[in-house]
Enquirer: 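Have a look at this one.
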Amino acid sequence: MAWNIGAQKYGTGMAMLFGGYLRDEDEPSYKMMASQMNTAAGQQPLLWVNQDGERFVNEEVVYNFSLAGNALYTQSQVYSILDQVVIDKMATTGNFMGLGIYVKRGQKMDQLQDELDRAVAAKKSFIFKADTIEDLARQMGLPVEKLTATIQRYNRFADQGSDDDFGKDPKYLQKVAQGPFYGFHLNIGAFCTMGGLKVTPANEVLDDHAHVISGLYAAGNDASGLVGDTYGPNMPGTCVGYAFYSGRNAAHHINDYLK
């Protein structure tokens, strides 16, 4: 709307991505945030493969949401694969990685199996279940021989306690060996886009000639300048802090403008 009245387009082109998210076409995306299945499928440092049935990254990237999002972005398709052993382990002893305040790190996934069963019964498009890896590969549309070889290699790494391909911490080398096996089609999540409007220190919006558009203010992520081409995940809440500040700052100046 600001662009439509002449605001300068500024600082666009960056989205805050994060990795491993299930997309249910029948539900709004936010409903997945508290799902233990969603956390198990996309937020664990376990096994990820691409459209060729090959690993492509150290799955520990899940601990940095920007790196995880960028990793998924490089592939045409990404799938996570879990066996029954690791599902039971997360249910009884806790997950490896949580999802913000919704599913805590180390939380026992006591609803996970029920959520999996319901998703399979409902034939959700993001989940696949099979008694063999070969059948799982066929269901996901992946090369059977390639996926089988990838999992065999991964299991050897687990047995030897060393990831020769990507150097993943041995504690995350959980074998994929006991069925039933579950595959999940992962999507890239996005928190928000950054920028779009250039503002003054008073949060007044500028036009293409860097002149203030009288009475128009912008706050939060729409107001460019807080970050450059990335967002520091080592400082969570940075955008929230700026949202509070810029909203308050704009309100003070709006009050002066109205007077």
Enquirer: Roughly how far, to the nearest 0.5 Å, is the CG atom of Leu142 from the CG atom of Leu136?
Expert: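 CG of Leu142 is found 8.0 Å from CG of Leu136.
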
Enquirer: Show me, pair by pair, the donor-acceptor contacts under 3.5 angstrom made by side chains of residues 176-187, not counting sequence neighbours?
Expert:
from	atom 1	to	atom 2	distance (Å)
Tyr182	OH	Gln113	NE2	3.2
His185	NE2	Gln77	OE1	2.5

Enquirer: What distance do Asn221 atom CG and Ser246 atom OG have between them, rounded to the nearest 0.5 Å?
Expert: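 Reported to 0.5 Å precision, the distance equals 8.5 Å.
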
Enquirer: How far does CZ of Arg153 sit from OG1 of Thr150, to the nearest 0.5 angstrom?
Expert: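 So the CZ of Arg153 and the OG1 of Thr150 are separated by 9.0 Å.
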
Enquirer: Contact between Leu206 and Val199 at the side-chain level, heavy atoms closer than 4.5 Å - yes or no?
Expert: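 They are not in contact (no side-chain heavy atoms under 4.5 Å apart), so the answer is no.
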
Enquirer: Any idea which heavy atoms bring Ala223 and Tyr242 closest together, and the distance?
Expert: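 Nearest pair, atom of Ala223 first, then Tyr242: CB-OH, 3.8 Å.
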
Enquirer: What are the two closest non-hydrogen atoms of Ala218 and Leu197, and how far apart are they?
Expert: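 Distance-wise, the nearest heavy atoms are CB-CD1, 3.8 Å.
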
Enquirer: Run the side-chain contact (heavy atoms from CB on, under 4.5 Å) test against Lys108 and tell me which residues pass, sequence neighbours left out.
Expert: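 Listed in chain order: nothing, the list is empty.
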
Enquirer: Which pairs would a plain distance check flag for residues 41-50, meaning a side-chain donor or acceptor within less than 3.5 Å of a matching protein atom at least two apart in sequence or in another chain?
Expert:
from	atom 1	to	atom 2	distance (Å)
Gln43	NE2	Gly19	O	2.8
Gln43	NE2	Gly20	O	2.7
Gln44	OE1	Phe96	N	2.9
Gln44	OE1	Met97	N	3.1
Gln44	NE2	Thr39	O	3.0
Gln44	NE2	Met97	O	2.6
Asn50	OD1	Asp52	N	2.9
Asn50	OD1	Gly53	N	3.4
Asn50	OD1	Glu54	N	3.1
Asn50	ND2	Gln75	OE1	3.0

Enquirer: Are Val103 and Leu82 co-members of a hydrophobic cluster defined by side-chain heavy atoms under 4.5 Å apart?
Expert: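 The answer is yes; both residues are in one hydrophobic cluster.
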
Enquirer: Please report the shortest heavy-atom distance between Arg55 and Glu59, naming the atom on each side.
Expert: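 Minimum heavy-atom separation between Arg55 and Glu59: NH2-OE1, 2.8 Å.
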
Enquirer: Hey, quick one: are Ile87 and Ile151 part of the same hydrophobic cluster, counting side-chain heavy atoms closer than 4.5 Å, chains of contacts allowed?
Expert: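 Shared cluster, no.
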
Enquirer: Is there side-chain contact between Met37 and Arg118, with at least one heavy-atom pair below 4.5 Å?
Expert: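 Heavy-atom side-chain distance check fails, nothing below 4.5 Å.
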
Enquirer: Would the number of heavy atoms belonging to other residues, nucleotides or ligands and lying under 6.0 Å from OH of Tyr63 be above 12?
Expert: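 Count over threshold, so yes.
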
Enquirer: To the nearest 0.5 Å, tell me how far Ile213 CD1 sits from Thr200 OG1.
Expert: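 Taking CD1 in Ile213 and OG1 in Thr200, the distance rounds to 11.5 Å.
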
Enquirer: Between Asp83 and Val86, is there a donor-acceptor pair closer than 3.5 Å when you use the side chain of the first and the backbone of the second?
Expert: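 Yes, the answer is positive, given that a donor and an acceptor are paired below the 3.5 Å cut-off.
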
Enquirer: Could you tell me whether the side chain of Ile81 reaches within less than 4.5 Å of the side chain of Leu147, counting heavy atoms only?
Expert: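 Of all side-chain heavy-atom pairs linking Ile81 with Leu147, at least one is under 4.5 Å.
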
Enquirer: Do Met140 and Val144 belong to the same hydrophobic cluster, where Ile, Leu, Val, Met, Phe, Trp and Tyr are linked whenever their side-chain heavy atoms lie under 4.5 Å apart, directly or via other members?
Expert: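 Met140 does not cluster with Val144.
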
Enquirer: Please table the atom pairs, donor to acceptor, closer than 3.5 Å between any side-chain atom in residues 249-259 and protein atoms at least two apart or in another chain.
Expert:
from	atom 1	to	atom 2	distance (Å)
Asn249	ND2	Pro201	O	2.8
Asn249	ND2	Asn203	OD1	2.7
His253	ND1	Asn249	O	2.8
Tyr257	OH	Ser214	OG	3.4

Enquirer: Distance check, rounded to the nearest 0.5 Å: Phe157 atom CZ versus Leu173 atom CG?
Expert: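 Here the interatomic distance stands at 8.5 Å.
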
Enquirer: Please list, one pair per line, the donor and acceptor atoms closer than 3.5 Å that link side chains of residues 126-135 to other protein atoms, with sequence neighbours excluded.
Expert:
from	atom 1	to	atom 2	distance (Å)
Thr132	OG1	Asp135	N	3.1
Asp135	OD2	Gln139	NE2	3.4

Enquirer: Please check if Val62 and Tyr172 belong to a single hydrophobic cluster, counting links between Ile, Leu, Val, Met, Phe, Trp and Tyr side chain heavy atoms closer than 4.5 Å.
Expert: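 Shared cluster, yes.
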
Enquirer: Could Asp24 and Lys124 be called an ion pair, given the rule that one side-chain N must be under 4.0 Å from one carboxylate O?
Expert: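 Counted as a salt bridge, because a side-chain N and a carboxylate O are separated by less than 4.0 Å.
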
Enquirer: Output the distance between atom CG (Asp163) and atom CG (Asn58), rounded to the nearest 0.5 Å.
Expert: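 Going from CG on Asp163 over to CG on Asn58, the span is 6.5 Å.
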
Enquirer: Would you kindly say whether Asp110 and Gln36 are connected by a side-chain donor-acceptor distance under 3.5 Å?
Expert: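 Result is yes, a qualifying pair exists.
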
Enquirer: Considering only heavy atoms from C-beta outward, does the side chain of Lys175 approach that of Val85 to under 4.5 Å?
Expert: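 The answer is no, as the side chains (C-beta and beyond) never meet within the 4.5 Å cut-off.
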
Enquirer: With sequence neighbours left out, what residues match Tyr154 under ring-ring contact (aromatic ring centres under 6.0 Å, His included)?
Expert: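 None.
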
Enquirer: Is it possible for you to say whether Leu67 and Leu72 belong to one hydrophobic cluster, with membership spreading through side-chain heavy-atom contacts below 4.5 Å?
Expert: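 As far as the 4.5 Å side-chain criterion goes, Leu72 and Leu67 are connected within one cluster.
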
Enquirer: For the residue pair Glu115 and Ser35, what are the closest heavy atoms and their distance?
Expert: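 Reported closest heavy-atom pair: OE1-OG, 2.9 Å.
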
Enquirer: Would you find more than 12 non-hydrogen atoms of other residues, nucleotides or ligands less than 6.0 Å from Phe166 atom CZ?
Expert: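 Count over threshold, so yes.
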
Enquirer: Between Gln8 and Trp3, what is the shortest heavy-atom contact and its length?
Expert: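 So the minimum-distance heavy-atom pair works out to O-NE1, 3.9 Å.
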
Enquirer: Quick one: closest heavy-atom pair of Gln51 and Pro143, and the distance?
Expert: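 For Gln51 and Pro143, the tightest heavy-atom pair comes out as O-CD, 3.8 Å.
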
Enquirer: Heavy-atom distance under 4.5 Å between the side chains of Met33 and Asn38, does that happen here?
Expert: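 Counting from C-beta outward, Met33 and Asn38 never come under 4.5 Å.
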
